[in-house]
There are 2 protein chains.
Amino acid sequence: MTDRDTRRRTIHDVAKAARVSISTASNALNGTGRTNVETRERVKRVAKDIGFRPNALARSLLTKRSHAIGMLTNDTYGRLTLPMAAGVSEVLVDQGLSVFLCATNNDPRLARLHLEALLDRQVDGIIFTATRLDLPPPVELTKLPVPVVYVFAEGPPDSISFVPDDIHGARLAVEHLKSLSRSRILHVTGPHDYLAVRRRAEAYRESVGSGAEILYGDWSEEWGHSAIDEVFARKGPRPDAIFCGNDEIARGVIEALRDIGVRVPEDVAVVGFDNWEVISKQTRPPLTTIDMQLKELGHQAGLAILELAKGEEVAPGTNRLPCSLVVRQSCGSMTR
Amino acid sequence: MTDRDTRRRTIHDVAKAARVSISTASNALNGTGRTNVETRERVKRVAKDIGFRPNALARSLLTKRSHAIGMLTNDTYGRLTLPMAAGVSEVLVDQGLSVFLCATNNDPRLARLHLEALLDRQVDGIIFTATRLDLPPPVELTKLPVPVVYVFAEGPPDSISFVPDDIHGARLAVEHLKSLSRSRILHVTGPHDYLAVRRRAEAYRESVGSGAEILYGDWSEEWGHSAIDEVFARKGPRPDAIFCGNDEIARGVIEALRDIGVRVPEDVAVVGFDNWEVISKQTRPPLTTIDMQLKELGHQAGLAILELAKGEEVAPGTNRLPCSLVVRQSCGSMTR
DNA sequence: TCGTGATGGTAAAAGGTTTTATCAGATTCT
DNA sequence: AGAATCTGATAAAACCTTTTACCATCACGA
């Protein structure tokens with residue numbers, strides 16, 4: 001019993017088994033050149049029979065397209081990066097593109113290391129994603145020999161980026177509250193130095209008009225608690241609705257309200273931001289919130305990089321994708 | 001002004017610029033073969049000057065090592081997969097290995113697609129990760145031409161896998177509670193059909209001895225609530241400690257206890273499982289919980305696949321990594 | 001009969017690197 | 001002096017595929 005050859009089958013093997021030349025085998029398999037239909041079928045059948053799969057490395061070396069892209073991410077895979085990565089991968093896998101995931105931890109050394117590895121591997125493009133819009137990448141990404149797309153991050157002028165439309169999201173939240181006849185709407189949000197915070201705050205202010213009040217803090221439940229404690233301790237009119245900068249704050253707000261005996265949604269309606277389901281589905285009552293459509297963001301970025309990799313043009317600029325309102329029970333029914 | 005060549009520099013360019021043959025250039029850069037120290041330095045300097053970086057595709061094609069591995073994951077990037085992926089990537093990047101991330105969504109078609117792409121790319125190894133231990137991979141992974149390592153998943157006999165030591169984790173939790181003089185310890189956990197649930201339950205039962213009581217449910221806060229409602233509604237002795245199957249259940253438990261006026265940790269101590277910080281840090285009081293060391297799991301898997309990729313042996317079997325206890329405030333002080 | 005055009009196939013080059021075998025020259029040994 | 005050894009460098013093969021240019025063969029019309 002001879003030990004059978006465990007080597008991967010090459011196109012040589014196909015050619016030999018089908019009694020044709022290597023070039024004919026290649027042509028037949030790829031449908032290029034001129035091949036008789038009969039030989040073409042024979043070659044294909046043989047290839048399948050012996051389990052031939054082309055070596056992607058050799059192919060890429062020649063065609064100068066690696067069919068791989070790199071995804072450079074800023075954080076240790078937060079809740080933001082992952083849905084986006086899933087979205088990217090989802091649209092690319094059927095096109096035969098694979099994704100290198102590179103977590104930089106915002107460390108320039110690591111970022112450079114990853115970037116060089118990606119370029120050495122001749123990736124067809126790079127997607128850079130961050131956890132906030134206004135941080136520069138930890139490594140120089142302009143003047144690269146491959147196209148770059150920014151997601152949840154803004155690149156230099158004339159670059160291609162995809163970000164959620166914070167203004168639209170904030171407006172969505174406020175309009176929803178207004179449509180439920182809430183008139184004294186408070187905004188409890190995150191740190192003022194976040195661009196997204198300022199954008200949302202601005203949209204909120206415009207939409208609410210007079211009587212707008214914004215409390216800046218951090219992204220924690222804790223801050224939601226203390227904001228409520230402060231607001232409900234003072235004299236004067238009280239809000240009948242609160243638009244929160246993210247779901248964690250919203251959760252803190254809801255709990256603080258319950259602690260002081262204010263009913264949600266009867267007395268105060270609450271809207272969150274993020275639709276981070278581990279939080280938004282588990283608050284009592286479940287949280288009505290704004291979804292930034294992160295996966296869709298990933299889809300679009302994937303499609304863009306696909307076009308660019310093919311050598312086609314993509315219009316530069318910042319694409320702001322609409323958010324969506326996820327209605328649960330923290331605002332009461334639409335029909336009250 | 002002549003438009004300068006934008007092509008990537010090849011070793012040909014280095015050889016020409018340093019006035020040596022290609023082989024000498026290669027030898028000098030890699031420290032192989034016999035080269036005069038002087039020419040070696042010259043070649044290296046020239047290479048750096050003109051910005052030469054070897055084409056990884058060409059190199060891999062020849063050496064049959066792609067320095068890339070695939071990570072096949074079961075879910076749409078849950079909280080479990082990501083820390084592990086970060087751990088894997090962390091130990092590999094400095095070794096020059098890159099990671100393809102493939103989310104299969106537990107869809108066999110997608111899994112096969114990804115797997116074939118990985119093999120075509122000649123990856124040096126594959127890491128399979130799941131979200132629970134007792135689900136078979138969505139695609140056949142035995143008899144692959146590359147080594148496979150399982151993380152948070154158990155492969156077939158004689159495969160190499162890394163999983164958290166649930167028994168150790170559960171024991172850690174119970175021992176902690178016992179050391180704080182808690183004597184009536186209840187276990188509120190997830191669905192009985194999870195292997196991990198049964199393992200932890202068994203360890204809990206052994207450690208507690210007589211008086212053990214286990215309530216199975218699902219993984220939600222909701223279930224935590226209703227478990228408490230049930231237990232505290234009935235007659236008889238009440239628990240002075242609760243060991244929860246995960247942090248979400250623990251959060252539900254803590255809130256339910258507060259709702260009915262039972263103090264945590266004074267009256268009842270609570271321990272969670274997972275150390276999912278968005279929950280465990282934000283409960284009131286912050287949750288003492290078991291950390292499964294997911295990143296460390298990733299580290300170990302990365303190291304294992306690295307060895308295997310080098311062609312070295314790794315002892316087969318299931319490696320159970322110890323968990324760690326993260327003490328916060330839901331059990332009271334050690335020194336009470 | 002000869003040229004023309006289509007058809008089906010092939011040899012060889014190319015892609016960028018590593019590695020093996022070989023070679024020329026200098027040095028040492030007998 | 002001649003042989004043996006050592007040193008430093010190189011040509012060429014190899015990895016596996018795609019693609020270009022070319023070569024037979026055959027049919028057809030002039």
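A, B, ... follow the sequence lines: proteins, then strands. Residue 1 opens every chain.
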Once you apply a heavy-atom cut-off of 4.0 Å, does [X] come out as touching a base, just sugar-phosphate, or nothing?
X: B/Asn27; answer: base
X: B/Arg34; answer: base
X: B/Thr35; answer: sugar-phosphate
X: B/Leu57; answer: nothing
X: B/Ser26; answer: base
X: A/Ser60; answer: nothing

May I ask you to verify if any side-chain N or O of A/Lys64 is less than 4.0 angstrom from the OP1 or OP2 atom of D/dT18?
no

Is there a side-chain polar atom (N or O) of A/Ser21 under 4.0 Å from OP1 or OP2 of C/dT10?
yes

Measure the distance from [atom1] on [X] to [atom2] on [N] and round it to the nearest whole Å.
X: B/Lys16; N: D/dT10; atom1: NZ; atom2: C1'; result: 17 Å
X: A/Asn55; N: D/dA14; atom1: CG; atom2: C1'; result: 13 Å
X: A/Leu61; N: C/dG15; atom1: CG; atom2: C1'; result: 4 Å
X: B/Arg121; N: D/dT17; atom1: CZ; atom2: P; result: 15 Å
X: A/Leu29; N: D/dT18; atom1: CG; atom2: P; result: 8 Å
X: B/Ile22; N: C/dT22; atom1: CD1; atom2: P; result: 20 Å
X: A/Asp120; N: C/dT17; atom1: CG; atom2: C1'; result: 13 Å
X: B/Arg65; N: D/dA14; atom1: CZ; atom2: P; result: 23 Å

Nearest of [options] to any side-chain atom of [X]?
X: B/Arg59; options: C/dT18, D/dT18, C/dG16; answer: C/dT18
X: B/Leu62; options: C/dT17, C/dA11, D/dG8; answer: C/dT17
X: B/Val20; options: C/dT10, D/dA14, D/dT10; answer: D/dT10
X: A/Phe52; options: D/dT17, D/dT19, C/dT18; answer: D/dT17
X: A/Thr32; options: D/dT18, D/dT19, C/dG9; answer: D/dT19
X: A/Ser23; options: C/dT17, C/dG9, C/dT10; answer: C/dT10

Between A/Leu57 and B/Gln122, the two heavy atoms sitting closest are CD1-CG, 3.5 Å

Any luck finding a side-chain donor-acceptor pair between B/Thr131 and B/Asn74 under 3.5 Å?
no

Polar contact flag, side-chain donor to acceptor under 3.5 angstrom, B/Thr32-B/Asn27
yes

Residue met sooner reading DNA chain D from 5', once A/His12 and B/Thr24 are mapped to nucleotides:
B/Thr24

Tell me whether the centres of the aromatic rings in B/Phe100 and A/Phe100 are closer together than 6.0 Å.
yes

What residue among A/Thr318, A/Ile127, A/Leu303, A/Leu297 forms side chain to side chain contact (heavy atoms under 4.5 Å, CB included) with A/Phe162?
A/Leu297

Rounded to the nearest 0.5 angstrom, the CG-CG distance for B/Leu119 and A/Asn55 is 11.5 Å

